[in-house]
K.L.:
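Handing you a structure now.
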There are 4 protein chains.
Amino acid sequence: MSATRDGKTAIAPRSRSRQKILDAALHAFSRRGFHETRMDDIAALAGVAKGTLYYNFPSKSDLFAALVCEGMERFIEVLDREIVSDLPFPEHFRRLVGVHIDLLLTWRDLFVTAANPVAHGFDPETVERVEAARDRYVEYAASAIRTGQEAGYLRPCDPDLVASQVLGLFDGILRHQRRAATPLSRDVLASEFHALLTQGLLAPRPAKGTGTGKGTGKGAGTGTGTGTGTGTEIGMGTGTGTVV
Amino acid sequence: MSATRDGKTAIAPRSRSRQKILDAALHAFSRRGFHETRMDDIAALAGVAKGTLYYNFPSKSDLFAALVCEGMERFIEVLDREIVSDLPFPEHFRRLVGVHIDLLLTWRDLFVTAANPVAHGFDPETVERVEAARDRYVEYAASAIRTGQEAGYLRPCDPDLVASQVLGLFDGILRHQRRAATPLSRDVLASEFHALLTQGLLAPRPAKGTGTGKGTGKGAGTGTGTGTGTGTEIGMGTGTGTVV
Amino acid sequence: MSATRDGKTAIAPRSRSRQKILDAALHAFSRRGFHETRMDDIAALAGVAKGTLYYNFPSKSDLFAALVCEGMERFIEVLDREIVSDLPFPEHFRRLVGVHIDLLLTWRDLFVTAANPVAHGFDPETVERVEAARDRYVEYAASAIRTGQEAGYLRPCDPDLVASQVLGLFDGILRHQRRAATPLSRDVLASEFHALLTQGLLAPRPAKGTGTGKGTGKGAGTGTGTGTGTGTEIGMGTGTGTVV
Amino acid sequence: MSATRDGKTAIAPRSRSRQKILDAALHAFSRRGFHETRMDDIAALAGVAKGTLYYNFPSKSDLFAALVCEGMERFIEVLDREIVSDLPFPEHFRRLVGVHIDLLLTWRDLFVTAANPVAHGFDPETVERVEAARDRYVEYAASAIRTGQEAGYLRPCDPDLVASQVLGLFDGILRHQRRAATPLSRDVLASEFHALLTQGLLAPRPAKGTGTGKGTGKGAGTGTGTGTGTGTEIGMGTGTGTVV
DNA sequence: GATGAATGAGACTTCATTCAT
DNA sequence: AATGAATGAAGTCTCATTCAT
């Protein structure tokens, strides 16, 4: 950010090292985890001496936390940019899901890295910083859910819980890609994710119908009508139309 | 294995220690994570000498892996027992969700402990063993999903992906309980979880219709059936606007 | 040693275990050395429980020392038996060499095991016991050398040094057998050993003489006798040129 | 590697530590053996922190192996320098023996340390490295023996076996010095060693002589004439009267 | 006479961090 | 701004030894 004699804002050499280190750290942490990654590994990967790590970051934990926080920052920035649209809600929602999958696949290292910090054996301060970064997303998502609810697009639910669950879904998706014999394509992931969020898992009601009388029965009869009866019949306890 | 005077087979002394250690280890690992937990801590907690740990388990990693594997084993056993019912599907599914939430809360330590082994920085072998334990659940769940699909209760989807996602949802739920100012009750968790799996997130189409005066039932009927084609026809952009 | 009802001296069961342990220990120690051999290894090899080792020997060091001492005891007993002969000295000496090679090959494990105890990192007491066992052989050999000198068969030399050197030669021979691509046969070993002890390494002086026409005999005769003064007058630099 | 103002290449600081460690390790290992020597001891003796040991050597075994290998390297270098002479063979041989004794006494720690690695209980890899170092000497010596044979100075024998035996003789000599009530002087050791290698152990033929006429008889008569009869009568087969 | 689960002192080793250059 | 040799606290693991059975 320092001004040079030619008037341009030069990327400070410090920043060079700093960025090289962050990149190397992300790569290393996401592959081997925090504890299995050595400062030597990161230094070697970044092509700098070990001392340079400490010149740029006060400690390994700080490097990790900085990585996650800055990463999440940028993640949300991109999300903010991508999210703007004046499509009608259904298209908008579908697009939103697609953007998430794209970002998820792009930043998978970050998500892998930031997942489940409690269990990593960090010092409490670092745990808190990393959790706070995840919280940023959760809050961001919860807020979007609230907006969607207010606009009548989303059904009533606990926005914070659902946002946490969505984060969990991300982990689940990445896990599947990691473990599956044949990872799924971006498009399949997006459509599966979309389907889960819009319909849940149940099949539309079979033709022979458990339904009452006409209305609903008919809708289901055509093999569709996702929205309609679903919640009603199998709802958690009350089994009435007011699902949540 | 020695017979006691009352004719029962005595629990070998070894088993005593072994179980005490596993209990202590679960407690310790789930609270402080693998790396922050010292073998001394576990020994002290189990009330045995440090050497006894190594008499029963070859290494810290092995203890951890044994813990997760045996835990998952028992988790699935319980699941197997609880899952049997001759309720009609909707009730059965509801019960299943409830059983999962109960088990999840009961075994939360195990889930926290086993989540995301890569990120914990285990050695590759241990990562594999822990992942394999999680795979057991994924396979179990995927198989259940397939059965549900064949019976026509569940819509078409990629069972393995969905099973992984469900595992992610568990993590998300536990995370919420950990982070939220006010953790939710078991019943609320269960009903939220159930709702998500059965309805997704969208609000049922508002009564006032999406435009045509003809009413919900019909609207759904003509709604081109999200459920039906999910796995096949839907590219991210191909879906029709009316779906959501 | 306990008398049984049939009047025979039964080999006490204790001795059974004891001997099995000693055999196993010799095998193990000679192959892996003292420190790399675990009490578990010995117990497994002997087919007894670990506690049985301690029932028979107070400690690992004691087991080792007992092994070496009893082994050397028996070695010398055999030597004593084999050594008696009324052959003329040259044949006797040749036979002696052969017997040594045979015993060496038979008891190689013992020699490997007992070699160089200082460097093994024993407690001083054990070092002393093992060294004392080797000393037994050195003294035995030195005494034989003295007898040979008194009888005029062996040249003057420091019997103790030479006996130590002979022990070293044993080590050297075993080392060669261990390392060489093609170990030598017992007979070649014996004849090489014999040649070294009787002739040293030098080639017989070539027939064409050392120069003077007067003949070899005289040259040797005037040669101031290496043999004679060896132990006494010879500083390294004082020897006259003609000796070798 | 940095150039200093006087134009010499400065000794890298690393080398300083490294050499200090090697010196300390030689001292410690040779006195207490490998297993009884603690890394702490070496660090303290070298005046560096324990971590510095591991900064310079990957493990205790490696430090040991490096010590032996580099030591043997230097040993042979010195031998190479010292060995050059244009003396006639007899003097040359005598000098060679003397140089060996000197080096042996100078480097006794190294020899004690490297002796019989099997018996020390090293891991197989380290055993191999140490044995390989000893092999270096054996090969060196065997090659010298071959040259001596080709030049007609040394009698036929198996050069590799003899070289191994010579190494064994070194061990024997050092052992004697360690155990004897009164260690022998350097000169006595040298002359005894020389005598063994040139004459073997047998006394020159007694006066009543197998000898021919005057010459030899006379020589032997004066208590000298080493060479004469020795080989003939007891030689393994080939020996002629003129031993050397 | 024999067992083997349990012990615990102490070893080797790791690796984040420092600091003189 | 960068380096890399040096550090040392702290952890995992080993293994001879014990003792109740």
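These numbers come from a predicted model, not from an experiment. Residue numbering restarts at 1 for every chain, and letters A, B, ... go by the order of the sequence lines.
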K.L.:
Please state how far atom CD1 in B:I21 lies from atom P in E:dA5, giving the value in whole angstrom units.
P.N.:
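Taking CD1 of B:I21 and P of E:dA5, I get 13 Å after rounding.
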K.L.:
Determine the sole option in C:R18, C:K60, C:M39 for which the side chain to side chain contact (heavy atoms under 4.5 Å, CB included) test with C:L53 is passed.
P.N.:
C:M39
K.L.:
Using whole Å, report how far CG of C:L53 lies from C1' of F:dT17.
P.N.:
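In whole Å, F:dT17 C1' and C:L53 CG are 11 Å from each other.
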K.L.:
Would one find a side-chain N or O of B:S59 under 4.0 angstrom from OP1 or OP2 of F:dT12?
P.N.:
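Looking at the OP1 and OP2 atoms of F:dT12, neither is under 4.0 Å from any side-chain N or O of B:S59.
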K.L.:
Taking everything shown except B:E125 itself, do over 12 heavy atoms lie less than 6.0 Å from its CD?
P.N.:
no
K.L.:
Side chains of D:F34 and D:T126, heavy atoms from C-beta outward: is any pair under 4.5 Å?
P.N.:
no
K.L.:
Looking only at atom types and distance, does a side-chain atom of C:R31 sit under 3.5 Å from a main-chain N or O of C:H27, one as donor and one as acceptor?
P.N.:
yes
K.L.:
So, is A:Y55 near the phosphate of F:dA1, with a side-chain N or O under 4.0 Å from OP1 or OP2?
P.N.:
yes
K.L.:
What's the CD-P distance between A:Q19 and F:dA1, to the nearest Å?
P.N.:
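Distance, rounded to whole Å: 16 Å.
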K.L.:
Below the 4.0 Å mark, does F:dA6 have OP1 or OP2 next to a side-chain nitrogen or oxygen of D:S17?
P.N.:
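Affirmative; the distance criterion is met.
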K.L.:
Of D:A49 and C:S61, whose closest DNA chain F nucleotide lies nearer the 5' terminus?
P.N.:
D:A49
K.L.:
Please determine whether side chain to side chain contact (heavy atoms under 4.5 Å, CB included) holds for the pair D:D41 and D:L45, giving the CA-CA distance in whole Å, both sets of side-chain angles, and the decisive distance to 0.1 Å.
P.N.:
CA-CA 6 Å; D:D41 302 341; D:L45 210 56; over 6 Å; no
K.L.:
May I have the step-by-step check of side chain to side chain contact (heavy atoms under 4.5 Å, CB included) for A:V130 and A:T113, ending in yes or no?
P.N.:
CA-CA 10 Å; A:V130 175; A:T113 301; over 6 Å; no
K.L.:
Quick one: does A:T52's side chain have a donor or acceptor within less than 3.5 Å of a partner on A:V48's backbone?
P.N.:
no
K.L.:
Could you write out each protein N or O paired with an N or O of nucleotides 18-21 of chain E at a distance under 3.5 Å?
P.N.:
none

K.L.:
How do B:V48 and D:K60 order along DNA chain E: which one's closest nucleotide is nearer the 5' end?
P.N.:
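Taking each residue's closest nucleotide, the earlier one in sequence belongs to B:V48.
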K.L.:
What contact category does C:D40 fall into here, base, sugar-phosphate, or nothing, at under 4.0 angstrom with non-hydrogen atoms?
P.N.:
nothing
K.L.:
According to the Watson-Crick and G-U wobble definitions, with both distances under 3.5 Å, which nucleotide is paired to F:dG4?
P.N.:
E:dC19
K.L.:
Please give, in whole Å, the distance from E:dA16 C1' to A:F64 CZ?
P.N.:
16 Å
K.L.:
Kindly compute the distance separating CZ (A:F29) from CG (A:L110), expressed to the nearest 0.5 Å.
P.N.:
12.5 Å
K.L.:
Scan residues 28-39 of chain A against DNA chain E and write down, sorted by residue number, each residue with any heavy atom closer than 4.0 Å; if none is found, say none.
P.N.:
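Nucleic-acid contacts, sorted: A:T37, A:R38, A:M39.
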K.L.:
Rounded to whole angstrom units, what separation is found between the CZ atom of D:R16 and the C1' atom of F:dG4?
P.N.:
17 Å
K.L.:
Applying a 3.5 Å limit to both distances, which nucleotide forms a Watson-Crick or G-U wobble pair with F:dG11?
P.N.:
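Because both required distances fall under 3.5 Å, F:dG11 counts as paired with E:dC12.
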K.L.:
Expressed as a whole number of angstroms, how long is the span from D:F57:CZ to F:dA6:P?
P.N.:
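That distance rounds to 11 Å.
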K.L.:
Just how far, in rounded Å, is P of F:dG4 from CZ of D:R18?
P.N.:
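Answer to the nearest Å: 19 Å.
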K.L.:
I'd like to know if the side chain of C:T37 reaches the main chain of C:G33, judged simply by a donor and an acceptor atom lying under 3.5 Å from each other, with no hydrogens or angles considered.
P.N.:
yes
K.L.:
E:dT17 C1' sits how many Å from A:D62 CG, rounded?
P.N.:
13 Å
K.L.:
Are A:F64 and A:F122 near enough that their ring centres are under 6.0 Å apart?
P.N.:
yes
